[in-house]
Amino acid sequence: MIQKEIFSMYIYRFAFLLWMVVLCTFSAIGQNGGGKAFLRWVPSQKSVYQGEVFVVKLQLYYEGNVSSPEIFPKLSVANSWVEEIKQSQKPVPFQEQINGKTYGVVVLKKYLVIPQKSGTLTLPAYPVTIKVTVAPKPDDFFQVEQTVDQLLTTSELSFSVKSLPEPKPATFSGAVGKFSWNVLSDKDSLILQNPVLITYKIAGVGNIPFVSLPLYTLPTGLEGFEIKSTEEQFLTEKGLSGGKIFTQTIVGEQAGIYPLSLGFTYFDPSQEKYVSLTDSLLITVRDTTQKARSQTSTELPDRKISDKGLPWDTQQPNLSHTLPFWRSDLYWLLCVLPFGVVILVWGYSQWDAYQKRSIHYPLQKAVKALQHLKKKGNSLSTETAKEIETIVFSYFSGRYQLEVADWHPEYINQLLESYKVSKTVREELSFLLKTCTQLRFAKPVTGQVVGSSEITVEQIMQILKQIEKQSKPDNRKELAIGFVLMLWVIGSSLLAAIPESQYRQAETYYQKQQFDSSITILNHIVKQGNKDKVVYSNLANCYVQTGKTGLAIANYEKAKGIEPMYSAAIHNLDQLRKKKNLIPPVESPWQQAVALVNLNLMAGVSLGLIWLGAGIILLYILSNIRRQWRIIGYVCVILGILSVVFLRQVEVSRLRKDMYIVIASTKGYYAPNIKARELVQLPEGAAVSREDLFSGWAKVRIPDGRKVWVNQQYITGVTPY
C-alpha cells in the first residue's frame with residue numbers, strides 16, 4: 001500500500017514537471033518569436049587599413065511578421081570615428097538564404113567607420129527591441145495572435161586593421177583614400193612687404209575629417225602666417241567624399257623670384273601604396289624703391305657642384321615664340337589664304353559676268369522691239385507713242401528695277417544721275433518722254449510732234465544705248481573690302497614672350513645646386529607655352545641631378561622632338577642610357593631620314609609654291625593669259641599641297657606621339673588589374689610604345705615585343721607640343 005502511494009506520488013510529480021516544461025517552452029516561444037528573428041553586422045570588407053573608410057550595415061533577419069524598431073542606441077566603436085549614413089528612403093526588404101533557410105532581410109542602419117588605430121577592431125554587441133507577432137498559447141481559449149516585444153542583440157564582430165606601410169613619405173599627413181591636390185595663389189607678383197594668399201585644395205574620397213596639410217618650409221625671403229581651413233564632406237553609401245581648403249597668407253620680405261614646389265601624399269588602399277602629387281607656384285617679389293637690392297633673390301649659399309653633375313646648357317633659348325613657324329596659326333593661315341583669294345576673285349568674276357549678261361538683256365530686248373516697230377515707220381507718231389513708252393518702261397524696269405509708281409521724269413533723271421549718265425542724254429530722254437505723253441493725247445497727225453522737231457525710232461535706240469554705255473555703278477568695292485579684310489586677318493597675330501629674368505633665375509638656382517627650385521621655374525616656363533629645346537634640355541639636366549632618370553630621359557626626348565640633331569640632348573641621352581643599362585628605342589630608316597629635314601625650310605617652300613600657283617591662276621582669271629600658264633599654276637599649287645602633307649608626316653614621325661617613358665619602376669601586368677598576373681618589371685627610364693587606354697591603365701609594347709598593362713601614372717609622353 002505504501003509502495004503504491006509512493007509510486008503515485010512520483011507519477012504526479014513527473015506529470016507536474018512535464019506540464020511545467022510544456023508551459024515554459026510555449027512561453028519561451030512567445031517571448032523570442034520561436035528564434036525566427038536575429039540581428040547581424042555586415043561590413044563592406046573584412047580587412048581594412050588604418051584610416052581607411054568602410055561601411056558597416058545593421059541587418060535584421062526575420063520570418064513571419066515583424067516591425068522596425070523605434071529606438072536605436074548610439075553606436076560607439078573603440079579607437080574609431082563613426083557616423084551614421086542617413087537613409088533618404090524607407091529600406092526595401094530582400095531575401096537571403098542561410099543554412100538552406102530563407103529569411104527576409106532589411107537594413108536597419110548604415111554607418112561609416114574610420115579606424116584610427118591598427119590591430120583588432122571590434123564592433124560591439126548592439127541591442128535593439130522589435131515587435132513580433134506570435135502564435136496563441138495552447139491554453140488560450142480564444143486562440144488570438146499576440147504582438148510582443150523581443151530584444152535582439154548582435155554578436156560582437158572583430159576583424160583586422162592593418163597599419164600603413166613604412167617608411168611613410170615626408171609629405172604624407174594621414175590622408176587615406178583617393179585625392180586630388182591643387183595649389184593656387186591670388187597673384188603671381190607682389191611688391192615687397194605686401195601679402196599674397198595661397199590656397200591649398202585637397203578633394204576626393206576618403207578620411208576627410210583627418211586630412212591635414214603637410215608641413216612646408218618656405219624659402220628665405222618669404223614669411224608665412226597662420227593657416228586656416230574649411231571642410232566640406234558628404235556621407236554616401238560609397239564612402240565619405242568632399243574636401244578641405246587651406247588658406248595661408250605669405251608676405252614677401254626680400255625681392256626675388258621664389259619657386260614653390262609643394263607635394264601632397266595619400267595612401268591608396270586599392271593599390272596598397274602611397275601616391276605622391278606635386279603642384280608648383282612661382283612667386284615674384286618686386287622692390288619698387290630706388291635702393292632695390294639686385295642680389296637679394298640670387299644670394300644663395302655657395303655649394304660646390306658635384307663632379308658628376310651635367311653643366312648648364314648655355315645656348316640661348318628662343319623665348320619670343322611659343323611655337324615654331326611650321327606649327328603656328330600664321331603658317332596655316334598663309335596656306336589657306338591663297339585659296340580663299342582665288343575663290344573670292346573667281347566668284348567675283350563670275351558674278352560680274354552674270355551681272356553684265358543680266359544688265360544687257362533689257363537693252364537687247366528693247367532694241368529688238370524698236371527694230372520691229374521701225375518696220376512700221378521710223379518717225380515717232382501718235383500711233384506709236386504708246387508702244388514707245390511701253391518699250392522704254394520695260395527697259396528701265398528690267399535694267400534699274402523701276403516701279404510703275406516711280407515712272408515720272410524727275411525720278412528717272414535722279415536715277416540716271418546716280419548712274420553717272422551725262423546731262424545731255426538725260427535731257428534727250430526727258431524730251432522723248434514728254435513728247436510721247438503729248439502725242440498720246442493729241443489728234444493723230446502722222447509723223448508730227450507737238451511743239452518739237454521730229455524724233456525717229458533710230459534716235460530712241462541711240463538714246464537707250466547711250467544710257468546703257470554711260471551707266472557705270474561702282475560695283476568693285478566689295479572685292480577691295482575683301483582684300484582689306486584678308487590683310488587685317490594676317491596682321492592680327494600676337495606672339496607670347498616670357499621675362500628673361502625667370503630663365504636666368506633658374507640658371508642661378510642650378511649653379512647653386514638648388515635643383516628643385518630650378519625645376520619649378522623651368523616647368524613654369526613650359527606651362528606658359530614657351531617650349532624650346534634648350535629649356536627641355538636644361539630641365540632634363542635638373543632631373544638627372546635629382547636622380548629622376550625617367551623624367552630626365554622624357555625631357556631629352558622632347559628636346560630631340562624639336563631638333564632631332566640637337567647634339568647636347570643626343571650626347572646626354574646616350575650617356576644616361578648607357579649608365580642605367582637602358583635599351584634605346586629602335587628608329588626606322590624613315591625616322592632617321594626625316595631627322596635631317598629642315599621643317600622651317602620645308603614650310604617656306606610649301607608656302608612659296610602655293611602662293612606662286614595661286615598668283616598665276618589669278619592672272620589667268622583676271623587677264624586671260626595663255627592656257628599653258630594656268631596649267632603651271634595648277635602644278636605649283638598641287639606641289640605646294642603635297643609639300644604641306646609631307647611636312648605633316650615628317651612632323652608626326654619626329655614627334656613620336658606613341659612613345660612613352662617609364663618615370664618610375666613599375667610592373668607590367670597581363671590585364672588592367674593589380675591582381676592580374678605579373679609579366680615583367682619595367683625599369684625607370686625604359687621606352688615603351690602606348691597602344692590603348694582603359695580605366696587609368698595603359699597597354700604598352702615593350703622593347704622585346706610583348707604587350708603589357710601598366711598604371712598610366714607611371715608613364716609620360718615625349719611629345720614637346
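Values below: every heavy atom of this structure, side chains too, minus hydrogens, waters and symmetry copies.
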Between atom [atom1] of [X] and atom [atom2] of [Y], what is the distance when rounded to the nearest 0.5 Å?
X      : Y      : atom1 : atom2 : result
Leu184 : Ile245 : CG    : CD1   : 9.5 Å
Gln505 : Gln514 : CD    : CD    : 10.5 Å
Ile519 : Asn555 : CD1   : CG    : 9.0 Å

Pairs involving residues 664-676, ordered by first then second residue, that meet salt bridge (Lys or Arg N to Asp or Glu O under 4.0 Å) (sequence neighbours left out): Lys667-Glu678
What pairs meet the salt bridge (Lys or Arg N to Asp or Glu O under 4.0 Å) rule with one or both residues in residues 208-222, with sequence neighbours excluded? none
Just checking, is any N or O donor in the side chain of [X] or [Y] under 3.5 Å from an acceptor N or O on the other one?
X      : Y      : value
Tyr200 : Asp279 : no
Ser189 : Arg286 : yes
Asn541 : Tyr556 : yes
Gln97  : Tyr103 : no
Thr265 : Thr171 : yes
Thr122 : Ser158 : yes
Ser689 : Asp658 : yes

For residues 212-234, which side-chain N or O atoms pair as donor and acceptor with protein atoms under 3.5 Å away, sequence neighbours left out?
| from | atom 1 | to | atom 2 | distance (Å) |
| --- | --- | --- | --- | --- |
| Ser212 | OG | Ser173 | O | 3.0 |
| Tyr216 | OH | Gly263 | O | 2.5 |

Please identify each residue that fulfils ring-ring contact (aromatic ring centres under 6.0 Å, His included) with [X], with sequence neighbours left out.
X      : result
Phe264 : Trp181
Phe54  : Phe159
Phe172 : Tyr274
Tyr62  : none

side-chain contact (heavy atoms from CB on, under 4.5 Å) against Thr153, all qualifying residues, sequence neighbours excluded: Ala125, Pro127, Leu151
Give a yes or no answer on whether the side chain of [X] reaches the backbone of [Y] with a donor-acceptor pair at less than 3.5 Å.
X      : Y      : answer
Trp41  : Tyr126 : no
Lys244 : Val211 : yes
Asp186 : Leu197 : yes
Ser44  : Val55  : yes

My understanding is that only residues two or more places apart in sequence, or in another chain, count here; which of them pass salt bridge (Lys or Arg N to Asp or Glu O under 4.0 Å) with [X]?
X      : result
Arg690 : none
Arg701 : Glu691
Lys187 : none

Classify the ring geometry between Tyr61 and Phe38 as parallel (under 30°), tilted (30 to 60°) or perpendicular (over 60°). parallel
Looking at Lys74 and Glu83, is there a salt bridge between them, counting it only when a charged N and a carboxylate O are closer than 4.0 Å? no
SB check Lys101 Glu63 (cutoff 4.0 Å): yes
Neighbour count >12 (heavy atoms, 6.0 Å) for atom CD1, Ile583: no
What ring-ring contact (aromatic ring centres under 6.0 Å, His included) pairs are there with at least one residue in residues 655-681, not counting sequence neighbours? Tyr669-Trp697
Report yes or no: is the cationic atom of Lys162 (NZ for Lys, CZ for Arg) under 6.0 Å from the centre of the six-membered ring of Tyr49, at an angle within 45° of the ring normal? yes
